[in-house]
There are 2 protein chains.
Amino acid sequence: MSTTKYSRQRESIKEYLYNTKEHPTADNIYMKIREKYPNISLGTVYRNLNLLVAQGEIIKLSTGDGCDRFDGNPLPHYHFICTECSRIQDLDIAPDALNHINRIASAGFDGEIKGHSTFFYGKCSKCK
Amino acid sequence: MSTTKYSRQRESIKEYLYNTKEHPTADNIYMKIREKYPNISLGTVYRNLNLLVAQGEIIKLSTGDGCDRFDGNPLPHYHFICTECSRIQDLDIAPDALNHINRIASAGFDGEIKGHSTFFYGKCSKCK
DNA sequence: TTACCTGCAAACCATTTGCAGATCC
DNA sequence: GGATCTGCAAATGGTTTGCAGGTAA
């Protein structure tokens, strides 16, 4: 198994993700990090994002709109996608609700449900 | 606005999707339809799948594993993805639960939630 | 010193698209 | 006849990867 070494590029990606509420694409992140490290390559961004996802430090959101988005908050939580402007927001839902939903789904299912991932759709406050 | 004409290829795709419980990829569908129409092209499969999705006759599942899957049941329902064997199954959940979940999410949210899409994860009965 | 990491550019691969001819109505 | 559809093959676009040189420990 390989050990992880420090890299200023990765640190910069983490810092950006932990401090934004946007849910940026790899390319968004690439553009942002380039302000500080103009030589960084898109390949490096992808390699680091995949590493951080594998380590559980960030999560990847596959919304199905063509490109993945990334979220610096790895704790289970819900997302809302506006069908008008495509903006993604975090939803503030009690953690109890997560287990509740898993329990609803487990009833009458012969496998073992460990978790779920949900996207809510509709109009955001600005588009409503 | 353009009208839709009959095509035996599209009819064949619909028939296959309405009668399977697998959640096939575009390529799976291509392979299957080729048994009956050996000359069909992958482009035609994609064009028809997109048309059927736009018309609401089937749904597309973006699981984030690299390629989309298609489901001949367009009514709202839930899916379970086995983290061991990647098999996708339909879950049998009361329709009430859907509205219930939308209501939980709507509490304290200033936009308008119209629906949601959920994937449950865990081990299926065979892998457990 | 020796992993691991980076920039670069090419490769990959699911999906889309342009075109000329076929098919439906 | 005219709009829609098809097969084919090339293009697209997000993501991955091979390589040679750089950097952390």
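Remember, it's a predicted structure, so these values are computed and weren't measured experimentally. Lettering follows sequence order; numbering is per chain, from 1.
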**Q.** Partners passing side chain to side chain contact (heavy atoms under 4.5 Å, CB included) against A/Tyr46 (at least two apart in sequence or in another chain)
**A.** A/Ala26, A/Leu42
Q. Out of C/dC25, C/dC4, D/dA25, which nucleotide sits closest to the side chain of B/Tyr6?
A. C/dC25
Q) Mapping A/Pro38 and B/Cys67 to their closest nucleotides on DNA chain C, which lands nearer the 5' end? A) A/Pro38
Q.
Donor-acceptor check, side chain of A/Asn102 to backbone of A/Asn99, threshold 3.5 angstrom: yes or no?
A. no
Q) In whole angstrom, what separates A/Asp65's CG from C/dA14's C1'? A) 15 Å
(Q) Please classify the nucleic acid contact of A/Asp27 as base, sugar-phosphate, or nothing, using heavy-atom distances under 4.0 Å. (A) nothing
(Q) OP1 or OP2 of C/dA22 versus the side-chain N and O atoms of B/Asn39: is any pair under 4.0 Å? (A) no
(Q) Just the rounded figure in Å: distance from C1' of C/dT6 to CG of A/Leu49. (A) 15 Å
Q. When all nucleic acid strands are considered with a 4.0 Å heavy-atom cut-off, which category describes B/Asp68: base, sugar-phosphate, or nothing?
A. sugar-phosphate
(Q) For nucleotides 16-23 of chain D, give me one character per nucleotide, 5' to 3': B if any protein heavy atom sits under 4.0 Å from the base, S if the only such contacts are to the sugar-phosphate, - if neither. (A) BBB-----
Q. Does anything in residues 19-35 of chain A pair up under salt bridge (Lys or Arg N to Asp or Glu O under 4.0 Å), and if so which pairs, sequence neighbours excluded?
A. A/Lys32-A/Glu35
Q.
If hydrophobic residues (ILVMFWY) are linked whenever their side-chain heavy atoms come closer than 4.5 Å, directly or via other members, who joins B/Leu61 in its cluster?
A. B/Ile59, B/Ile81, B/Ile88, B/Phe119, B/Tyr121
Q.
Can you list everything that forms a ring pair (Phe, Tyr, Trp, His ring centres under 6.0 Å) with A/Phe80? Sequence neighbours excluded, please.
A. B/Phe109
Q) Looking at residues at least two apart in the chain, or sitting in another chain, which of them share a side chain to side chain donor-acceptor pair (under 3.5 Å) with A/Ser117? A) none
**Q.** Distance test, side-chain N/O of A/Gln9 to OP1/OP2 of C/dG7, below 4.0 Å
**A.** yes
Q) What's the OH-P distance between B/Tyr30 and D/dA9, to the nearest Å? A) 11 Å
Q | Residue pairs involving residues 72-93 of chain A (criterion salt bridge (Lys or Arg N to Asp or Glu O under 4.0 Å); sequence neighbours excluded) | A | none
Q | Selection from D/dC5, C/dC8, C/dC5 that lies nearest to any side-chain heavy atom of A/Thr4 | A | C/dC5
**Q.** Given C/dC4, D/dC5, C/dG7, the nucleotide with the shortest approach to the side chain of B/Ser7
**A.** D/dC5
Q: Name all residues meeting the side chain to side chain contact (heavy atoms under 4.5 Å, CB included) criterion together with A/Asn73; count only those two or more places apart in sequence or in a different chain, and write none if there are none.
A: A/Asp71, A/Leu75, A/His77
Q. Taking only residues two or more places apart in sequence, or in another chain, which ones meet A/Glu57 in a side chain to side chain contact (heavy atoms under 4.5 Å, CB included)?
A. A/Lys14, A/Tyr18, A/Leu52, A/Gln55
Q. In Å, rounded to the nearest 0.5 Å, how long is the span from CD1 of A/Ile93 to CD1 of B/Ile104?
A. 7.0 Å
Q: Give the angle between the helix axes at the two ends of the helix from C/dT1-D/dA25 to C/dC25-D/dG1, taking five base pairs at each end and rounding to 10°.
A: 30°
Q: Specify the separation, in whole Å, of atom CD1 of A/Ile33 and atom C1' of C/dT6.
A: 15 Å
Q) Is A/Ile113 reachable from B/Leu98 through a run of hydrophobic residues whose side-chain heavy atoms are each under 4.5 Å from the next? A) yes
Q. Quick one, which residues of residues 16-25 of chain B touch DNA chain C with a heavy atom under 4.0 Å?
A. none
**Q.** B/Asn48, nearest nucleotide to its side chain (from D/dG14, C/dC25, D/dT6)
**A.** D/dT6
Q.
Without decimals, in angstroms, what is the distance between A/Asn28 CG and D/dG13 C1'?
A. 15 Å
Q: Give the rounded distance in Å between these two atoms: CZ of B/Arg34 and P of D/dT6.
A: 16 Å
Q | Rounded distance in Å - OH (B/Tyr37) to P (D/dC5) | A | 16 Å
Q.
The criterion is ring pair (Phe, Tyr, Trp, His ring centres under 6.0 Å); which residues satisfy it with B/Tyr78, sequence neighbours excluded?
A. B/His116, B/Phe120
Q.
Expressed as a whole number of angstroms, how long is the span from B/Leu51:CG to C/dT16:C1'?
A. 15 Å
